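Report on the following structure.
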Amino acid sequence: MRVLGIETSCDETSAAVIEGTGDLVTQRALVILSQDVHRIFGGVVPEIASRAHLTAIVPVVEQALRDAGSSEIDAVAVTNAPGLVGALLVGVSYAKAYAFARGIPVIGVHHMEGHLFATALEHPDAVPPFTALLVSGGHTLLVDVEAWGQYRLLGRTRDDAAGEAFDKVAKLLGLPYPGGPHIDRLAARSESGDYRFARPMLRRDQQPGDSDFYDFSFSGLKTAVLNAVRSSDLEASRGAIARAFQDALVDTLVEKTARAARQFNRARVVLGGGVACNTSLVRAMRERLSSRGVQVFAPTPRLATDNAAMIARAGLFHLERGERSTLDLNAFASQPLPGLVAA
Ligand code: KG4
Ligand code: ZN
């Protein structure tokens with residue numbers, strides 16, 4: 001089956017073509033157009049994002065079909081939640097019109113389920129059962145994936161998402177938006193020196209069943225960084241603060257992911273979302289888990305950040321189960337992950 005994927009939930013207009021069955025899937029084309037315009041505002045402006053998607057959607061899809069070498073498509077998969085509603089609507093409307101005109105099925109995909117599938121496009125072994133850590137600009141989810149379509153949500157952030165914490169701390173440090181990659185590079189060539197921040201929501205005496213055993217919280221860490229910035233000479237200490245912040249955040253993510261892999265006896269950990277590009281996170285996760293025989297899979301930056309290939313891949317899974325959306329498919333700002341099983 002050949003699936004056209006479409007993703008417009010935030011500030012990337014993306015289209016992809018994948019082909020295959022089950023876990024044997026080949027990516028034929030992937031086009032991602034990032035909207036640079038938001039940089040000057042220091043964050044994504046929803047109305048501007050929608051308008052930019054509207055301009056980009058047709059050429060981006062046409063380019064993906066050209067790159068795939070054929071416009072023979074069996075179905076269309078499109079992100080319909082969660083995200084910016086105005087932005088999502090551009091992709092959803094286009095996908096429905098395209099599918100209707102061609103007489104092929106359309107399937108709505110949950111953006112975070114897409115992130116769960118992204119790594120499998122590059123690593124044939126990044127398939128269930130596994131422990132998943134999804135860390136993006138809008139979400140931080142720790143999920144036990146028993147099988148595709150069967151997700152046990154273990155933990156989530158109670159305030160800021162991990163990527164949001166990177167972006168806000170970068171702003172405090174006077175670094176450009178989005179801040180994650182800048183902090184990543186700066187921290188790599190800095191030592192934390194006298195700075196050390198408490199690991200947020202992490203205590204040794206936490207037990208499985210405690211509500212904070214798997215949950216995350218990053219707003220306190222952000223405040224700790226703010227206090228450090230206020231009481232320091234920023235030019236002299238920017239690198240050390242960035243390093244200390246990243247160390248605290250990474251320690252927390254690694255420890256909670258290791259707990260989940262241990263509790264559910266998983267031999268694989270799969271990372272996803274933009275923060276999965278963080279070199280220190282990936283390294284620390286591997287160091288921590290390899291001694292226990294757990295393999296850690298991280299997608300390359302192109303598939304870690306928002307892209308339509310992961311949406312096509314998740315869509316293919318649902319299409320193969322016989323699921324279809326109808327032409328009244330709508331866009332939603334938030335929606336629970338489909339396939340949730342009791343924790
Ligand atoms: O998944 P994504 O592209 O978009 C959302 O769905 O939100 O994630 C974007 C987030 C931004 O917050 C960005 O700062 C962060 O991913 N990010 C990173 C790195 N690269 C991107 N954070 C830490 N280290 C990186 N290398
Ligand atoms: Zn995303």
Side-chain angles (χ1 to χ4, degrees), residues 5-14 16 30 32-36 38-39 42-44 46 49 78-84 87-88 91 109-119 132-141 143 156-157 160-173 175-190 216 218 221-222 225 242-243 245-250 252-254 270-285 298-311 313-314 333-335 337:
I6 294 176
E7 154 68 37
T8 63
S9 68
C10 192
D11 58 343
E12 265 90 27
T13 315
S14 180
L30 173 58
I32 305 172
L33 191 73
S34 291
Q35 305 175 356
D36 248 6
H38 304 288
R39 281 172 198 272
V44 177
V78 60
T79 309
N80 76 308
L84 304 169
L88 286 165
V109 172
H110 190 286
H111 180 80
M112 298 313 287
E113 189 178 27
H115 277 299
L116 283 177
F117 277 90
T119 314
L133 176 69
L134 300 183
V135 271
S136 69
H139 297 268
T140 304
L141 300 178
V143 187
R156 61 194 319 161
T157 181
D160 293 351
E164 194 180 353
F166 269 102
D167 295 338
K168 287 178 175 171
V169 163
K171 202 169 195 174
L172 294 175
L173 294 174
L175 298 169
Y177 172 88
H182 296 277
I183 293 187
D184 193 354
R185 280 193 294 273
L186 182 58
R189 50 186 159 79
S190 310
F216 304 97
F218 298 114
L221 177 59
K222 180 187 60 190
V225 171
R243 174 63 185 264
F245 157 75
Q246 184 176 276
D247 285 353
L249 184 136
V250 164
T252 307
L253 294 175
V254 169
V270 172
L271 308 179
V275 182
C277 300
N278 188 268
T279 46
S280 159
L281 172 66
V282 178
R283 193 184 326 111
M285 200 68 86
T300 55
R302 211 166 145 73
L303 288 176
T305 53
D306 290 349
N307 70 84
M310 68 184 195
I311 301 305
R313 180 66 189 81
S334 72
Q335 205 172 57
L337 194 65

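In each ligand, atom 1 is the first atom listed, and ligand 1 is the first ligand listed. Worth saying up front: this structure is predicted, and the values here are computed from it rather than measured. In this chain, residues are counted from 1 in sequence order.
- Here the protein heavy atom with the shortest distance to atom 24 (N) of ligand 1 is N278 ND2, 3.0 Å.
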Next on the checklist: Could you go through M310 and H111, starting from their C-alpha distance and side-chain angles, then the distance that decides it, and tell me whether this counts as side chain to side chain contact (heavy atoms under 4.5 Å, CB included)?
Outcome noted: CA-CA 9 Å; M310 68 184 195; H111 180 80; 3.7 Å; yes
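- Of all the heavy atoms of E12, none lies under 4.0 Å from any atom of ligand 1, so neither backbone nor side chain is involved.
- For R283, there are no salt bridge (Lys or Arg N to Asp or Glu O under 4.0 Å) partners two or more places apart in sequence or in a different chain.
- In this view, E164 and D160, A161, K168 satisfy the side-chain contact (heavy atoms from CB on, under 4.5 Å) rule, not counting sequence neighbours.
- A donor-acceptor contact shorter than 3.5 Å is absent between the side chain of D36 and the backbone of S34.
- Not close to ligand 1: C10, with no non-hydrogen atom less than 4.0 angstrom away.
- Counting heavy atoms only, G137 comes closest to atom 5 (C) of ligand 1 of the residues G180, A162, G137.
- Less than 4.0 angstrom separates some heavy atom of G138 from each of these atoms of ligand 1: 7 (O).
- Every atom of ligand 1 is numbered from 1 in the order shown, and the set under 4.0 Å from a heavy atom of G163 is 12 (O).
- To the nearest 0.5 angstrom, N278 atom CG is 9.0 Å from I183 atom CD1.
- The shortest N or O to N or O distance between T305 and ligand 1 is not under 3.5 Å.
- H110 pairs by the ring pair (Phe, Tyr, Trp, His ring centres under 6.0 Å) definition with nothing, not counting sequence neighbours.
- One finds the CD1 atom of I32 at 7.0 Å from the CG atom of L303 (value rounded to the nearest 0.5 Å).
- The structure places CG of L249 at 5.0 Å from CZ of F166, a figure rounded to the nearest 0.5 Å.
- A distance of 11.5 Å separates OG1 of T79 from CD of E12, quoted to the nearest 0.5 Å.
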Checklist entry - Which is it for L133 and F216 under the side chain to side chain contact (heavy atoms under 4.5 Å, CB included) test, yes or no, and what are the steps along the way? => result CA-CA 12 Å; L133 176 69; F216 304 97; 4.1 Å; yes
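- Within the structure, the closest approach of H111 to ligand 1 falls below 4.0 Å when heavy atoms are considered.
- S14 places a side-chain N or O within donor-acceptor distance of the main-chain N or O of A308, the cut-off being under 3.5 Å.
- Closest protein heavy atom to atom 11 (C) of ligand 1: D167 OD2, 3.6 Å.
- At a heavy-atom distance under 4.0 Å, no atom of H139 approaches ligand 1.
- Protein atoms of type N, O or S found under 2.8 Å from the Zn ion (ligand 2) total 3.
- The S136 neighbourhood of ligand 1 comprises atoms 1 (O), 5 (C), 6 (O), 7 (O), 8 (O), with distances under 4.0 Å to a heavy atom of that residue.
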Checklist entry - Under the side chain to side chain contact (heavy atoms under 4.5 Å, CB included) criterion, do L337 and E113 qualify, and how do the steps go? => result CA-CA 7 Å; L337 194 65; E113 189 178 27; 4.1 Å; yes
Item to check | Worked verdict on R302 versus T305 for side chain to side chain contact (heavy atoms under 4.5 Å, CB included) | outcome: CA-CA 6 Å; R302 211 166 145 73; T305 53; 5.7 Å; no
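- Close contacts of ligand 1 with H115, meaning ligand atoms under 4.0 Å from a residue heavy atom, involve 1 (O).
- Remark: ligand 1 atoms within the under-4.0 Å shell around heavy atoms of C277 are 20 (N), 26 (N).
- In terms of protein heavy-atom proximity, atom 26 (N) of ligand 1 is closest to D184 OD2, 2.9 Å.
- In summary, K171 and D167 do not engage in a salt bridge, as defined by a charged side-chain N under 4.0 Å from a carboxylate O.
- At the shortest separation from atom 21 (C) of ligand 1 among protein heavy atoms lies G274 O, 3.4 Å.
- Residue D306 has at least one nitrogen or oxygen atom sitting less than 3.5 Å from a nitrogen or oxygen atom of ligand 1, judged on distance alone.
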